[in-house]
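Each remark here refers to the structure printed beneath this line.
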Amino acid sequence: MNLARKTMNAPALAAVYERAWRPALFYLASGRTTASDRRDAVTALRLGGAQKVLDIACGPGNFTRYLSEALSGEGYAIGVDYSEPMLARAVADNAGPRVGYLRGDARRLPFADGTFDAVCCFGALYLIPDPLVAAREMIRVLAPGGRIAITTSHRAANPIGEMSRVVGGLSGLRVFGARTFPALFAEEGLVEIDQRVHRLLQYVSATKPAH
Ligand SMILES: C[S@@+](CC[C@H](N)C(=O)[O-])C[C@H]1O[C@@H](n2cnc3c(N)ncnc32)[C@H](O)[C@@H]1O
């Protein structure tokens, strides 16, 4: 297990992740706050009804509960993560009437095809050993007409981008080019593909066609 994956399994990180680690590191990487990322996630996933939402690599549930609060009726959000310390924090800090958590591997999701109306994965594809397998799993469990949204690393075409690739490689974080996910989404037949780049992070969303 590489350094980045070991860190994600550490109880000490789980304890500070939501309040300190994520806000600081994501702000440094993208110039964006967690509050804006959360608002944009709700918009990108087009939440606002009785949808079924899947939050892959949910960590301590710091997005899962927020997403669930945009739902109504029979809507709910499920967070999946493989780290026990992260899930323990999720249950303690981010429970709610429309939230559930499950331990699992993003590369082999225990859900039938087309189960969810919205599927997201924020800040994790660069940690997962087979990120494209995980991305295809997200698309598999997404229902026709559903929305997908990811936030992941972006290799800027400048010396900082090159440095991020080297540092990322040493710590076990993968740094993706701008085309990787838009191209994969297009290849899988998704439409309305939108990509926004903020410094070292990219935000990509898309729709699975209804037919
Ligand atoms: C940086 S946290 C992201 C938490 C949250 N989504 C966010 O944006 O702040 C990354 C999470 O990915 C999880 N993770 C990494 N590989 C995974 C895999 N193969 N399956 C499920 N979760 C995984 C880690 O356990 C960790 O909780």
Side-chain angles (χ1 to χ4, degrees), residues 1-30 32-42 44-45 47 53-68 77-94 99-111 116 118-141 148-154 164 168 171-176 181 196 198 200-205:
M1 196 185 271
N2 63 40
L3 179 64
R5 286 167 68 79
K6 271 190 196 139
T7 309
M8 289 298 143
N9 271 306
L13 175 69
V16 298
Y17 181 82
E18 180 170 4
R19 294 214 176 146
W21 181 281
R22 189 194 208 270
L25 288 193
F26 277 64
Y27 187 75
L28 278 178
S30 64
R32 289 174 54 81
T33 63
T34 301
S36 348
D37 278 352
R38 282 176 169 158
R39 279 195 301 272
D40 284 1
V42 169
L45 294 169
L47 301 185
V53 180
L54 182 64
D55 182 13
I56 303 287
C58 62
N62 50 320
F63 276 76
T64 325
R65 187 182 64 172
Y66 184 85
L67 299 178
S68 78
I78 294 183
V80 172
D81 202 285
Y82 74 58
S83 160
E84 284 184 34
M86 285 291 194
L87 286 173
R89 293 301 330 176
V91 170
D93 298 344
N94 285 307
V99 186
Y101 295 104
L102 180 74
R103 185 154 188 249
D105 188 333
R107 297 167 296 177
R108 283 183 299 278
L109 295 173
F111 301 110
F116 295 93
V119 180
C120 58
C121 180
F122 304 133
L125 284 166
Y126 43 66
L127 291 166
I128 297 174
D130 311 299
L132 302 191
V133 170
R136 286 199 177 91
E137 270 294 86
M138 294 175 71
I139 297 167
R140 180 184 68 75
V141 300
I148 184 169
I150 63 165
T151 302
T152 193
S153 52
H154 167 252
S164 73
S171 61
L173 289 178
R174 195 143 154 194
V175 182
F176 297 103
F181 289 102
R196 290 162 202 216
H198 295 279
L200 300 177
L201 294 184
Q202 56 181 305
Y203 298 70
V204 189
S205 60

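Whatever order the structure lists them in is the order used to number ligands and atoms, beginning at 1.
- Interface of Ser83 with ligand 1, defined as ligand atoms under 4.0 Å from a residue heavy atom, comprises 25 (O).
- Nearest protein neighbour of atom 12 (O) of ligand 1, counting heavy atoms only, is Ala57 CB, 3.3 Å.
- Taking a 6.0 Å sphere around CZ of Arg136, one finds it holds more than 12 heavy atoms contributed by other residues, nucleotides or ligands.
- Of the N and O atoms on the side chains of Tyr101 and Asn94, not one donor lies less than 3.5 Å from an acceptor on the other residue.
- The option with the heavy atom closest to atom 26 (C) of ligand 1, from among Val80, Leu102, Asp105, Asp81, is Asp81.
- With hydrogens left out, the protein atom closest to atom 20 (N) of ligand 1 is Ala106 N, 2.9 Å, a heavy atom.
- Looking at every heavy atom in both residues, Cys121 comes nearest to Leu125 through SG-CG, 3.9 Å.
- Those atoms of ligand 1 with a heavy atom of Ala124 less than 4.0 angstrom away are 10 (C), 12 (O).
- Considering each of Phe122, Tyr82, Tyr126, Tyr17, the one bringing a non-hydrogen atom nearest atom 17 (C) of ligand 1 is Tyr82.
- The contact set between ligand 1 and Gly104, taken as ligand atoms under 4.0 Å from a residue heavy atom, comprises 20 (N), 21 (C).
- Here Ile150 contributes atom CD1 and Leu201 contributes atom CG; the two are 11.0 Å apart, rounded to the nearest 0.5 Å.
- The residue among Pro85, Gly123, Gly59 with a heavy atom at the shortest distance from atom 10 (C) of ligand 1 is Gly123.
- Atom CG of Leu200 sits about 12.5 Å away from atom NE2 of His198, to the nearest 0.5 Å.
- The minimum heavy-atom distance between Phe63 and Asp55, with the atom names listed, is CB-OD2, 3.8 Å.
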